[in-house]
Amino acid sequence: MATVAEVAVAAPLDKTLSYKVPEELIATAIPGVRVRVPLGRRTATGYLLAIAEGSIEGLKPIKEILDTERLFASGWTEFIRKAAAYYRYPLGEACRTALPAGLAGKGSDVRILHEKVYTALPGEDSPSGRKQQQLLALIREKGEVELSELRSVFNAPYAALERLQELGLISVRDIERSRDPFRDVPIIDETEPVPDTSQQVAIDALLSKLRENSFAAALLHGVTGSGKTEVYLRLIAETVAAGRQALVLVPEIALTPQLVSRFRSRFAHRNIVLAVLHSGLSDGERYDAWRSIARDEVQIVIGARSAVFAPCDNLGVIVVDEEHESSYKQSEGFRYNARDLALLRGQAAGSLVLLGSATPSLPVYRRACGTDEMLYLPLSGRVAGRKLPDVEMIDMREQEACGALSPPMLEALGHHIERGEQVLLLLNRRGFAPYLICSDCGFGLRCPNCAITLTYHQSARKLLCHYCDFDQVPPDVCPRCAGHNLLPEGTGTERLEDELGKHFPDCRIARMDRDTTTAKGAHQRLIDRVMANEVDILVGTQMVAKGHDFPNVTLVGVVDADNSLNFPDFRSAERTFSLLVQVAGRAGRGDKAGRVMVQTWSPEHYALQCAAAHDYKAFYEHEITCREPLGYPPFGYLVNLVVSGNDETKVARAGEVLVGGLQHYGREVEVLGPAPCPLARLRGKTRNQILLKSATRMPLHRLLQYLGPLTKEMPAGVRLTTDVDPVDML
């Protein structure tokens, strides 16, 4: 008998592998570290999940231990096992996705930062140089000083410090320095508000559940501006006071700075440590945050969807803010939904899981109101008695030919700007124009890799595919007819910004979309400008609709409300309703009343009507009557299988064979397809999809167990992607 390691190798394998642990590595081979192991003719990175005594006959040895301390504990291991199994994804690759960037290769791709600390020692004052005397005086005054502080006071102090060390007047040691992305962000003192009646009812109910120290789930359904964040803060304060950790998930990286600012203002003076995890940080920042959490040095973790994997060993509460957001679903690779994994993790950790939203997803709302599985906590009004904004529909069928902005919208813009108030405009389409079309022959320039037109970006003077990032310089003549009339058609945020500049030349206009916020810190700088009233009109995509609290925004305009209604997806009405309610909620959050104007070609649509009335329940009742007969969520469960490859014939044939096998094994499951995906060609691959539907989860997951044998019959060059509980089926 010898020591055997269970390793999840970062490779497309459907099981873990066993390796023998060489004698010289036994001391450092602890569960939770990365290892280098042989895999066929090559070596690969793996994740050591467990150690046991057993036979090592036929087992290859671990070649190298890559970490000096564990990256995760046993509780995390069981969680990632369940998550990978549920989403039908290789465990080793799931581990690689969950761990912070920079840990993919041999050792860490990021370096641990060190800082030199200088300490005064007893001794006679014999340095002769003036700089040496000044340095020694400062170090003696403070006892010990970090090099970064000395560099801020003295220019090039290194030689003088070395001489002081040689003379035995100071000692030097290295300390590990954690990279904190918010180190230089000032902490703003705020008065802790007194909860109103509905907030206090919710807080009391949640604290009662929290004190049970067992799994519980709750939905905090509060209209925009109802003070959901204050409920989060008080719940988390109680959690930390009880010696447990809190995890807070937000749907967008863009929302993190404002939320972190609120949390730092509330907790920084209580010696409570916060860590942030999201893909917008540098590899080093994420690595340092992860290690601090794994060392149990952090009480509160805030982040986007990947933060659901944070290595917290003592979770008391998990908050999922804006739980309805589709961005909680990973769209490629390990296609997990962070909201659902939060519930899974809460069950494993015995934690309270709080889902918050003004527009809950239909399955969550039905579960909270129709079963005893989830506590339902409503916040029906805004804090401080503020009113929800009035919403006005502008029927574009009744407007004369105009640009992107109708006359009523332009008039309202001018009125609010004259009063010194701010305006927010939503157009959920970036770029200058979605099409560049020849007016002579009607030819439109399309992506050579995807079944989609190229978006024209005027400032960069390029045509760009928003799916595969293919780009090209716009041609001078039409590729089909050699005509010279290639014209941009339609409007994106860049064009809207340009149009606003012509109507309001003296206004300060800013744009918030993926093109303007890619640089690190760009989004926060833009928010700071809006908060400082240095922006009169903020134009943006859905990024402007979520979570922002701009007290001086009194007018919100929606330029093309029908855009999301026309998507080929059964959730299009729900997405449109949520987006409109969320963006409308940005108006009137301060002392001034808010107003919302929605430009639409279909003002009679129930999603728009319910959003205008701020009536979630009416929307829910209408929407479920559409879904129930079809068995769509919340009345059923889905799995989307996508067959893709370079050869269209092979892809079609593989899909037909796969459907035949699925129908044979899954009599309880409805198998639809194969059919071309809405985006039938993406990144150069032909794509067909097969949709599996069932009233309950178990038949679906039983059927998925047969995918392995069925996919082995697929021809070379054809790939199957499995998306359990799909959110986007384009």
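Only this structure's heavy atoms are used, side chains among them; waters, hydrogens and symmetry mates stay out. Treat the numbers as computed from the prediction; the structure is a model and nothing was measured.
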- Query: Just checking, is any N or O donor in the side chain of Thr224 or Gln582 under 3.5 Å from an acceptor N or O on the other one?
  - Reply: no

Does either side chain, that of His221 or that of Tyr376, offer a donor lying less than 3.5 Å from an acceptor on the other one?
yes

To the nearest 0.5 Å, atom CG of Asp372 lies from atom CZ of Arg367 at 10.5 Å

* Short side-chain to backbone donor-acceptor contact, Ser351 and Val353, under 3.5 Å -> no

(message) Regarding Gln200 and Asp204, do their side chains bring together a donor and an acceptor under 3.5 Å, going by distance alone?
(response) yes

Can you find a heavy atom in the side chain of Lys693 that is under 4.5 Å from one in the side chain of Tyr637? no

Between the CH2 atom in Trp76 and the SG atom in Cys95, the distance rounded to the nearest 0.5 Å is 4.5 Å

**Request:** Please lay out, stage by stage, how Lys82 and Glu78 fare under the test salt bridge (charged side-chain N to carboxylate O under 4.0 Å, His left out).
**Result:** CA-CA 6 Å; Lys82 291 179 180 178; Glu78 293 309 306; over 6 Å; no

**Q.** Stepwise side-chain contact (heavy atoms from CB on, under 4.5 Å) check, Leu362 with Tyr632
**A.** CA-CA 11 Å; Leu362 269 64; Tyr632 283 130; over 6 Å; no

Which donor-acceptor pairs under 3.5 Å do side chains of residues 723-730 form with protein atoms, sequence neighbours excluded?
from	atom 1	to	atom 2	distance (Å)
Asp723	OD1	Lys329	NZ	3.0
Asp725	OD2	Tyr86	OH	2.6
Asp728	OD1	Leu730	N	2.9

* What is the ring orientation for Phe267 with Phe263, classed by angle as parallel under 30°, tilted 30 to 60°, or perpendicular over 60°? -> tilted

Check: Is Leu210 close to Thr239 at the side-chain level, that is, under 4.5 Å between some pair of heavy atoms?
Finding: yes

Fill in: Check: Leu343 and Ile318 side chains under 4.5 Å, non-hydrogen atoms
no

Of Glu325, Glu574, Arg339, Arg571, the one forming a side-chain hydrogen bond (donor to acceptor under 3.5 Å, both in side chains) with Ser361 is Arg339

Subject >> Residues Arg70, Asp313: salt bridge by 4.0 Å N-O rule >> reply: yes

Check: Glu322 side chain, Gly356 main-chain N or O, donor-acceptor pair, under 3.5 Å:
no

The reported gap from CG in Leu207 to CD in Glu212 (rounded to nearest 0.5 angstrom) is 11.5 Å

Looking only at heavy atoms, the pair that brings Glu628 and Phe635 closest together is CA-CD1, 3.4 Å

| query | Counting N and O atoms only, with roles assigned by atom type, does the side chain of His614 sit under 3.5 Å from a partner on the main chain of Gly585, one being a donor and the other an acceptor? | reply | no

Any carboxylate oxygen within less than 4.0 angstrom of a Lys/Arg side-chain nitrogen, looking at Glu192 and Arg270?
yes

Checklist line | Any side-chain heavy-atom pair of Leu247 and Leu315 under 4.5 Å | finding: yes

Notebook entry, point to check: Do the non-hydrogen side-chain atoms of Phe567 and Arg575 ever get within less than 4.5 Å of each other?
Noted result: no

Requested in this report: Starting from the C-alpha separation in whole Å, work towards a yes-or-no answer on side-chain contact (heavy atoms from CB on, under 4.5 Å) for Val364 and Glu323.
Outcome: CA-CA 9 Å; Val364 166; Glu323 65 81 19; 3.5 Å; yes

### Query
When you measure from the side chain of Tyr328 to the backbone N and O of Leu249, does any donor-acceptor pair fall under 3.5 Å?
yes

- Task: Apply side-chain contact (heavy atoms from CB on, under 4.5 Å) to the pair Ile293 and Cys312, showing each step before the final yes or no.
- Result: CA-CA 6 Å; Ile293 299 165; Cys312 304; 3.8 Å; yes

Among side-chain atoms of Ser357 and His324, is any donor-acceptor pair under 3.5 angstrom?
yes

Would a distance-only check, ignoring hydrogens and angles, find a side-chain to backbone donor-acceptor pair under 3.5 Å from Ser282 to Glu285?
-> yes

A side-chain contact here means heavy atoms from C-beta on lying under 4.5 Å apart; do Leu219 and Leu375 qualify?
no

Legend entry - Side-chain heavy-atom pair Val7, Val35 within 4.5 angstrom cut-off: yes

On a heavy-atom basis, the closest approach of Ala607 and Ala573 is CB-O, 3.7 Å

| Hey, what's the ring geometry for Phe577 with Tyr616, parallel, tilted or perpendicular (30° and 60° as the breaks)? | tilted

Side chains of Thr722 and Arg335: do they bring a donor and an acceptor to under 3.5 Å? no

Exercise for the section: Count the heavy atoms of every other residue, nucleotide or ligand shown that sit under 6.0 Å from CZ of Arg295, and state whether that count exceeds 12. Expected result: yes

All heavy atoms of Thr359 vs all of Ser578, minimum pair found to be OG1-OG, 3.3 Å

**Study point:** Flag, side chain of Asp615 to backbone of Ala618, donor-acceptor distance under 3.5 Å
**Key:** yes

What class does the angle between the rings of Phe72 and Tyr47 fall in, given that below 30° is parallel, 30 to 60° is tilted and above 60° is perpendicular? tilted

In this structure, CG of Asn640 is separated from CG of Leu691 (nearest 0.5 Å) by 5.5 Å

Shortest non-hydrogen pair, Ala218 vs Leu377, comes out as CB-CD1, 4.4 Å

Ignoring hydrogens and geometry, is there a side-chain-to-backbone donor-acceptor pair from Arg627 to Pro633 under 3.5 Å?
yes

One should read off an interatomic distance between Tyr365 OH and Phe619 CZ, to the nearest 0.5 angstrom, of 12.0 Å

Closest heavy-atom pair, Val223 versus Gly381, reported as atoms and distance to 0.1 Å, is CG2-C, 3.8 Å

Separation between CG (Asp321) and CG (Leu354), nearest 0.5 Å, reads 9.0 Å

For Glu69, is there an ion pair with Arg291 - N to carboxylate O distance below 4.0 angstrom? yes

Check against salt bridge (charged side-chain N to carboxylate O under 4.0 Å, His left out), Glu230 and Arg234 = CA-CA 6 Å; Glu230 182 61 29; Arg234 289 178 178 266; 2.8 Å; yes

- prompt: Counting N and O atoms only, with roles assigned by atom type, does the side chain of Tyr87 sit under 3.5 Å from a partner on the main chain of Asn337, one being a donor and the other an acceptor?
  reply: yes

Only residue of His278, Glu252, Gln330 satisfying side-chain hydrogen bond (donor to acceptor under 3.5 Å, both in side chains) with Arg305 is Gln330

Exercise. Does Pro251 offer a backbone N or O that forms a donor-acceptor pair with the side chain of Ser327 under 3.5 Å?
Worked result: yes

Item to check | Within-4.5 Å side-chain heavy-atom neighbours: Val669 and Leu700 | outcome: yes

- Item | Working for side-chain contact (heavy atoms from CB on, under 4.5 Å), residues Leu344 and Leu341 | CA-CA 5 Å; Leu344 179 67; Leu341 287 188; 3.9 Å; yes

Arg382 and Ala584 have their tightest heavy-atom pair at NH2-O, 4.4 Å

message = Determine whether a donor-acceptor pair (N or O, by modelled atom type, separation under 3.5 Å) exists between the side chain of Gln245 and the backbone of Asn314.
response = yes

